[in-house]
Colleague: 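Structure in structure tokens, see below.
Residue numbers count from 1 along this sequence. In what follows, every heavy atom counts, from backbone to side chain, and hydrogens, waters and symmetry copies are set aside.
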Amino acid sequence: MLSRSSFTSLVVGVFAVYVAHTCWVMYGIVYTRPCPAAAGGGGGGGGAAGCVWPYLARRPKLQLSVYTTTRSNIGAESNIDLVLNVEDFDIESKFERTVNVSVPKKTRNNGTLYAYIFLHHAGILPWRDGKQVHIVSPLTTYMVPKPEEINLLTGESTTQQIEAEKQTSALDEPVSHWRSRLTLNVMVEDFVFDGSSLPADVHRYMKMVQLGKTVHYLPILFIDQLSNRVKDLMVINRSTTELPLTVSYDKISLGKLRFWIHMQDAVYSLQQFGFSEKDADEVKGIFVDTNLYFLALTFFVAAFHLLFDFLAFKNDISFWKKKRSMIGMSTKAVLWRCFSTVVIFLFLLDEQTSLLVLIPAGIGAVIELWKVKKALKMTIKWQGLRPKIQFGTYNDSEKKTEEYDTQAMKYLSYLLYPLCIGGAGYSLLNVKYKSWYSWLINSFVNGVYAFGFLFMLPQLFVNYKMKSVAHLPWKAFTYKAFNTFIDDIFAFIITMPTSHRLACFRDDVVFLVYLYQRWLYPVDKSRVNEYGESYEEKPKKKAHRE
């Protein structure tokens, strides 16, 4: 059976292999091996066998046309509307244009509207150009609209509820939304591919033509789906006849194109696994709103966050699993951490926060509930279908700790309770909520975020009275501290409530206070620890076994 240290080493080893493998995969994505035979073939494609040459190297005059239709397939120009036409299309020049799009009756009745984007030779209709490339994208999607927020005392709403939501369906049912942005890219590098080893990700976007003795690939047209954000969606109602569509274009390199294709596929996979449009939108925000180099740093930071999360949970569980005594441990602090963790989880759930934040919060809440059971020495016995809860007894040393704990909570309550009640009353009068439950959870969580660090004071007070910090789970604390500093970075990357973002920085201060107490009260190695053993006894026990 593996010891704890060897198991941790195994986990760290697996993590190192995972990071190395990820770096190798990322390198394989952004770097594409060019055709070896093209080295001396010249830019015109001098007949090098097995090479696929870029058609754009011929510098053709191109035109960009955007059409809309309610059909997923079109064969001619019937039943389609031209919404944008760029005659002298320069693939090197970025642009952004906003046009008004007519919304057919079928689309207004929860139907779908498609955009067909053609890149073809100037002066020739797309369906008459044998060397045109096109791509299709739906301009509509289905999503449950955000519930209306009202003042719970007066009934006054924050905004007027869109009439379409009442006409089309109930608030808990998805309704048709308009994608108001369409972002296009063309791969502009004159890259010569090796025909025998075309990258699978780019291959599906390529269209080949035979020109003389050489094979060319037509311009690679790409729709950036990651730029379609929830904040840009507009509800479609039955009275709407026109909606704005912002079409933007920018060139893209081959490496970034391949990376973007993989990221879009990853987001699509998440949606297939049950991620909602809003959850997927949080992931999109990480890619779209972040610099590419900073994004690479974020990947490594997220990997280390996952490792430290695992090690913190493991050491915390290991510490509490072996713990038999509550000497030096503040029971009130344990109860408060459990209450605050559960409240934060319910708040994040009510706010429909990203699963990236919600899942770790849920796991943490379960662990805190288990720790309360250990701290209160609870045992649950079943009498048929009815559970019977029994509490254990405390010894004299534990009772002394409980006295310090109660004394600290007495002084703390004079400050904390008026602040929490006053904050809840103020928010009821001045802030609008979806329901009374939403107000209750927000009031609790605001108290947790704003004054939660005060509940760390009982443990600090117990440490001060006992002049010791040896009873605390320092390994778990250390891993949690690393994660706290990582959370400071994520606070600017992942969308989360402002109060949750500020709490990340508050935790830094709390940990620094614990570090100061650890320096102030060094560990006495002759003192018996929480497991009933001392450091000086350990070598003797080892010698006795030998």
Side-chain angles (χ1 to χ4, degrees), residues 54-56 59-69 72-74 80-102 112-122 124-127 129 131-141 177-191 201-207 217-234 243-265 267-268 280-281 284-285 287-289 292:
Y55 185 75
L56 284 177
R59 303 295 182 260
K61 291 190 66 176
L62 299 174
Q63 183 174 333
L64 181 72
S65 303
V66 180
Y67 295 86
T68 59
T69 179
S72 57
N73 293 295
I74 58 173
I80 61 173
D81 294 321
L82 178 65
V83 296
L84 179 64
N85 188 28
V86 184
E87 294 185 354
D88 282 326
F89 179 63
D90 181 9
I91 60 172
E92 296 289 343
S93 302
K94 63 186 299 185
F95 69 81
E96 181 172 291
R97 300 183 188 179
T98 301
V99 295
N100 289 324
V101 178
S102 297
T112 303
L113 190 66
Y114 297 93
Y116 277 81
I117 302 94
F118 290 90
L119 188 59
H120 54 101
H121 287 90
I124 305 177
L125 290 174
W127 33 88
D129 184 4
K131 297 184 181 65
Q132 57 84 15
V133 291
H134 71 274
I135 196 166
V136 61
S137 175
L139 293 176
T140 55
T141 186
H177 285 67
W178 175 256
R179 298 185 188 273
S180 61
R181 295 193 65 87
L182 183 64
T183 305
L184 309 175
N185 301 114
V186 172
M187 200 280 286
V188 296
E189 289 184 31
D190 290 338
F191 189 86
D201 43 28
V202 180
H203 192 193
R204 67 179 188 260
Y205 289 92
M206 297 174 69
K207 182 179 178 182
Y217 65 91
L218 296 175
I220 299 177
L221 182 61
F222 177 72
I223 295 180
D224 184 3
Q225 301 287 1
L226 297 178
S227 296
N228 290 333
R229 305 296 305 280
V230 169
K231 63 184 180 182
D232 299 321
L233 295 178
M234 304 167 62
L243 285 170
L245 176 65
T246 301
V247 181
S248 57
Y249 165 79
D250 197 4
K251 63 184 179 181
I252 191 171
S253 64
L254 176 60
K256 186 175 180 180
L257 172 65
R258 294 190 62 194
F259 179 75
W260 237 234
I261 291 172
H262 279 272
M263 294 306 103
Q264 286 194 174
D265 290 346
V267 171
Y268 177 76
D281 186 71
K284 291 179 182 179
F287 299 121
V288 176
D289 300 336
L292 201 57

Colleague: Indicate whether any N or O donor in one side chain lies under 3.5 Å from an N or O acceptor in the other, for Ser180 and Asp232.
Modeller: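 Asp232 and Ser180 do not have a side-chain donor-acceptor pair below 3.5 Å.
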Colleague: If you define the side chain from C-beta out and look only at heavy atoms, does anything of His120 sit under 4.5 Å from Ser65?
Modeller: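 Yes, their side chains come closer than 4.5 Å.
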Colleague: Would you check if the distance from the ring center of Tyr116 to the ring center of Trp127 is below 6.0 Å?
Modeller: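 Not under 6.0 Å, so no.
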Colleague: For the atom pair OG1 (Thr140) and CE (Met234), what is the distance rounded to the nearest 0.5 Å?
Modeller: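 One finds 13.5 Å between OG1 of Thr140 and CE of Met234.
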Colleague: Do you know the tightest heavy-atom contact between Leu56 and Pro60?
Modeller: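 Shortest heavy-atom contact: O-CD, 4.0 Å.
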Colleague: Would you sort out whether Val101 and Leu243 count as a side-chain contact (heavy atoms from CB on, under 4.5 Å), showing the intermediate values?
Modeller: CA-CA 5 Å; Val101 178; Leu243 285 170; 5.6 Å; no
Colleague: State, to 0.1 Å, how close Trp178 and Pro244 come at their nearest heavy-atom pair, and which atoms those are.
Modeller: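 Shortest heavy-atom contact: NE1-O, 2.8 Å.
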Colleague: Evaluate the criterion side-chain contact (heavy atoms from CB on, under 4.5 Å) for residue pair His121 and Lys131; output intermediate values, then yes/no.
Modeller: CA-CA 8 Å; His121 287 90; Lys131 297 184 181 65; 3.6 Å; yes
Colleague: Where do Leu254 and Val202 land on the side-chain contact (heavy atoms from CB on, under 4.5 Å) test, with the steps shown first?
Modeller: CA-CA 9 Å; Leu254 176 60; Val202 180; 4.2 Å; yes
Colleague: Just wondering, do Met206 and Ile220 contact through their side chains at under 4.5 Å, heavy atoms?
Modeller: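 Of all side-chain heavy-atom pairs linking Met206 with Ile220, at least one is under 4.5 Å.
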Colleague: State, to 0.1 Å, how close Gln225 and Gln264 come at their nearest heavy-atom pair, and which atoms those are.
Modeller: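 Heavy atoms only, the tightest pair is N-OE1, 2.5 Å.
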Colleague: Below 4.5 Å, heavy atoms only, C-beta onward: do Lys284 and Arg229 meet side chain to side chain?
Modeller: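 They are in side-chain contact.
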Colleague: Any side-chain heavy atom of Leu182 sitting closer than 4.5 Å to one from Leu245?
Modeller: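 Counting from C-beta outward, Leu182 and Leu245 do come under 4.5 Å.
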Colleague: Report the relative orientation of the aromatic rings in Phe95 and Phe89; use parallel for angles under 30°, tilted for 30 to 60°, perpendicular for over 60°.
Modeller: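 Perpendicular, since the angle between the ring planes exceeds 60°.
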Colleague: Using 0.5 Å steps for rounding, measure from the CG atom of Leu62 to the CG atom of Leu218.
Modeller: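 Leu62 atom CG to Leu218 atom CG measures 10.0 Å (nearest 0.5 Å).
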Colleague: For the atom pair CD1 (Ile261) and CZ (Arg204), what is the distance rounded to the nearest 0.5 Å?
Modeller: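 Output value for this atom pair is 6.0 Å.
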Colleague: First locate atom CZ of Phe118, then atom CG of Leu82, and finally report the distance between them rounded to the nearest 0.5 Å.
Modeller: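 Between Phe118 CZ and Leu82 CG, I get 10.5 Å after rounding to 0.5 Å.
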Colleague: Identify the two heavy atoms, one from Arg181 and one from Asn228, that lie closest to each other, and give their separation to 0.1 Å.
Modeller: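 For Arg181 versus Asn228, the nearest heavy atoms are O-OD1, 3.1 Å.
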Colleague: Tell me whether Lys207 at atom NZ has more than 12 heavy atoms from other residues, nucleotides or ligands lying less than 6.0 Å away.
Modeller: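 Counting other residues, nucleotides and ligands, NZ of Lys207 exceeds 12 neighbours.
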Colleague: Looking at Asp250, is its backbone amide N or carbonyl O close enough to the side chain of Asn185 to form a donor-acceptor pair, meaning the two atoms are under 3.5 Å apart?
Modeller: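 Here the side-chain-to-backbone pair exists.
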Colleague: How close do Asp90 and Tyr249 get, heavy atom to heavy atom, and via which atoms?
Modeller: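 Taking every non-hydrogen atom into account, O-CE2, 4.1 Å.
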Colleague: For the CG atom of Asp129 and the CD1 atom of Ile124, what is their distance to the nearest 0.5 Å?
Modeller: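 Answer rounded to 0.5 Å: 5.0 Å.
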Colleague: Tell me, do Ile91 and Lys251 make a side-chain contact under 4.5 Å, heavy atoms counted?
Modeller: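 Answer no - side chains too far apart.
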Colleague: Is Asp190 paired with Arg59 through a side-chain N to carboxylate O contact shorter than 4.0 Å?
Modeller: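 Answer for the salt bridge query: yes.
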Colleague: Are the side chains of Leu184 and Phe222 in touch, meaning some heavy atoms are under 4.5 Å apart?
Modeller: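 SC-SC contact between Leu184 and Phe222 ruled out.
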Colleague: Heavy-atom distance under 4.5 Å between the side chains of Arg97 and Val86, does that happen here?
Modeller: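 In short, these two side chains touch, coming nearer than 4.5 Å.
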Colleague: Residues two or more places apart in sequence or in another chain: which of them pass side chain to side chain contact (heavy atoms under 4.5 Å, CB included) with Ser227?
Modeller: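 By the side chain to side chain contact (heavy atoms under 4.5 Å, CB included) rule, Ser227 matches Thr183, Asp224, Val288.
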Colleague: State the CD1-CH2 distance between Ile252 and Trp260, to the nearest 0.5 angstrom.
Modeller: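 If we round to the nearest 0.5 Å, Ile252:CD1 and Trp260:CH2 are 7.5 Å apart.
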Colleague: Report the C-alpha separation of Met187 and Ser253 in whole Å, then their side-chain angles, then the decisive distance to 0.1 Å, and conclude whether the side-chain contact (heavy atoms from CB on, under 4.5 Å) test is met.
Modeller: CA-CA 6 Å; Met187 200 280 286; Ser253 64; over 6 Å; no
Colleague: Which atom names give the shortest non-hydrogen contact between Gln63 and Ala122, and what distance separates them?
Modeller: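 Shortest heavy-atom contact: OE1-CA, 3.5 Å.
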Colleague: Centre-to-centre under 6.0 Å for Tyr55 and Tyr217, is that the case here?
Modeller: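 No, the ring of Tyr55 stays outside the 6.0 Å limit from the ring of Tyr217, centre to centre.
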Colleague: What residues form a side chain to side chain contact (heavy atoms under 4.5 Å, CB included) with Ile135, not counting sequence neighbours?
Modeller: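 Once residues adjacent in sequence are excluded, the partners of Ile135 under the side chain to side chain contact (heavy atoms under 4.5 Å, CB included) criterion are Ile117, Tyr205, Leu221, Ile223.
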Colleague: Checking Thr141 now: which residues fulfil side chain to side chain contact (heavy atoms under 4.5 Å, CB included) with it, not counting sequence neighbours?
Modeller: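 Thr141 satisfies side chain to side chain contact (heavy atoms under 4.5 Å, CB included) with His177, Arg179, Leu233, Glu277 once adjacent residues are dropped.
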